[in-house]
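The structure under discussion appears below in the form of structure tokens.
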Amino acid sequence: MSGFGFTPPEAPVDWEALQKYATEVMERAYAPYSKYKVGAAGLVDDGRVVLGCNVENAAYGVALCAECGMVSAMHSTGGGRLRAVVCVEGQGRPVMPCGRCRQLLWENGGPECQLLTSSGIKTMAEVLPDAFDVADLEDA
């Protein structure tokens with residue numbers, strides 16, 4: 001069986017489906033201040049698809065990005081590692097995660113995690129070269 005939540009772990013990434021899921025969840029975003037809705041869909045290494053949308057707050061600096069919600073959903077439903085991620089803006093087009101979220105994706109997917117960008121599919125190693133991670137903390 002394939003599709004939402006039932007993708008075999010060894011199956012190739014279905015980028016079209018991930019973009020569709022990200023676009024659907026983007027419609028649920030809470031963005032009354034910026035009006036900039038974002039949705040994120042991630043394929044986990046066990047085949048699950050996890051979703052997140054941005055949630056703003058009147059205290060602007062404490063808004064939650066869609067990627068934060070997606071990673072939280074991954075951990076709250078069993079953990080794992082991200083294999084592939086799609087983030088979309090209000091028109092359903094791929095959008096590059098902010099710096100904080102690039103770090104979040106690195107920590108939860110690693111350098112080989114793939115990201116659909118406006119210029120094609122890239123690994124996190126390409127999107128966040130020379131990333132800071134737990135190895136840097138262990139060296140301290």
Side-chain angles (χ1 to χ4, degrees):
M1 199 183 265
S2 65
F4 182 71
F6 301 103
T7 304
E10 67 283 353
V13 176
D14 185 343
W15 292 104
E16 187 176 316
L18 279 180
Q19 189 168 358
K20 177 179 174 256
Y21 298 141
T23 301
E24 287 175 4
V25 76
M26 173 272 300
E27 293 295 337
R28 299 182 202 135
Y30 178 71
Y33 308 105
S34 73
K35 310 289 190 244
Y36 191 76
K37 293 183 173 190
V38 178
L43 177 61
V44 183
D45 58 1
D46 65 3
R48 280 176 297 136
V49 174
V50 290
L51 307 175
C53 59
N54 60 320
V55 178
E56 294 181 348
N57 188 300
Y60 294 144
V62 294
L64 297 175
C65 296
E67 300 88 336
C68 295
M70 179 194 65
V71 168
S72 181
M74 180 181 75
H75 285 285
S76 68
T77 60
R81 301 288 289 166
L82 291 167
R83 286 183 53 205
V85 174
V86 175
C87 302
V88 300
E89 42 85 277
Q91 302 301 311
R93 294 182 296 250
V95 63
M96 184 62 75
C98 70
R100 175 181 78 164
C101 289
R102 291 181 201 192
Q103 179 69 29
L104 188 66
L105 295 178
W106 177 278
E107 296 224 5
N108 289 277
E112 60 281 334
C113 178
Q114 295 179 307
L115 178 67
L116 180 63
T117 74
S118 60
S119 60
I121 298 166
K122 298 182 187 243
T123 66
M124 284 307 302
E126 293 172 289
V127 172
L128 192 62
D130 301 321
F132 181 87
D133 64 17
V134 69
D136 295 296
L137 295 173
E138 291 170 353
D139 291 341

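- The NZ atom of Lys37 lies 12.5 Å from the OG1 atom of Thr23; values are rounded to the nearest 0.5 Å.
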TODO: Quick one: do Leu82 and Val71 satisfy side chain to side chain contact (heavy atoms under 4.5 Å, CB included)? Show the steps, please.
DONE: CA-CA 9 Å; Leu82 291 167; Val71 168; 4.2 Å; yes
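- The side-chain heavy atoms of Cys113 and Met124, taken from C-beta on, include a pair separated by under 4.5 Å.
- When atom types are taken as modelled, the side chain of Glu126 and the backbone of Thr123 share a donor-acceptor pair closer than 3.5 angstrom.
- With Asn57 contributing its side chain and Tyr60 its backbone, the two residues share no donor-acceptor pair below 3.5 Å.
- For the pair Glu67 and Cys87, the minimum side-chain heavy-atom distance is below 4.5 Å.
- No donor-acceptor distance shorter than 3.5 angstrom exists from the side chain of Gln91 to the backbone of Arg93, with no hydrogens or angles considered.
- By the 4.5 Å heavy-atom criterion applied to side chains, Val44 and Arg83 are not counted as neighbours.
- Under the side-chain contact (heavy atoms from CB on, under 4.5 Å) rule, Met70 has a single partner from Leu51, Val85, Val49, Val25, which is Val85.
- Between Cys65 and Pro97 the shortest side-chain heavy-atom distance does not fall below 4.5 Å.
- The closest donor-acceptor contact from the side chain of Asn54 to the backbone of Val38 lies under 3.5 Å.
- A donor-acceptor contact closer than 3.5 angstrom links the side chains of Thr77 and Arg48.
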Task: Working for side chain to side chain contact (heavy atoms under 4.5 Å, CB included), residues Val134 and Glu107 - done: CA-CA 8 Å; Val134 69; Glu107 296 224 5; over 6 Å; no
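- Follow the hydrophobic side-chain contacts under 4.5 Å out from Phe132 and you never reach Val127; the two are in separate clusters.
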Task: side chain to side chain contact (heavy atoms under 4.5 Å, CB included) evaluation trace for Leu18 with Val13 - done: CA-CA 8 Å; Leu18 279 180; Val13 176; 3.9 Å; yes
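- Under the 3.5 Å distance criterion, the side-chain polar atoms of Ser34 are left unmatched by any main-chain donor or acceptor of Ala31.
- Counting heavy atoms from C-beta outward, Val86 and Lys20 have side chains that stay 4.5 Å or more apart.
- Put simply, the side chain of Tyr30 does not reach to within 4.5 Å of the side chain of Leu64, judged on heavy atoms.
- Proximity of Leu116 to Gln19: side-chain heavy atoms (C-beta onward) are separated by under 4.5 Å at one or more points.
- In terms of modelled atom types and a separation under 3.5 Å, the side chain of Asp133 and the main chain of Trp106 share no donor-acceptor contact.
- Between Val95 and Ser118 there is no side-chain heavy-atom pair separated by less than 4.5 Å.
- Side-chain atoms of Asn108 do not come within 3.5 Å of backbone N or O of Leu105 as any donor-acceptor pair.
- Rounding to the nearest 0.5 Å places NZ of Lys122 at 5.0 Å from OG1 of Thr117.
- A donor-acceptor distance shorter than 3.5 angstrom exists from the side chain of Glu56 to the backbone of Tyr33, with no hydrogens or angles considered.
- Using modelled atom types, no side-chain atom of Arg100 and backbone atom of Cys68 make a donor-acceptor pair closer than 3.5 Å.
- The distance from the CE atom of Met26 to the SG atom of Cys53 is 10.0 Å, given to the nearest 0.5 Å.
- When every heavy atom of Leu115 is checked against every heavy atom of Trp15, the shortest pair comes out as N-CH2, 4.2 Å.
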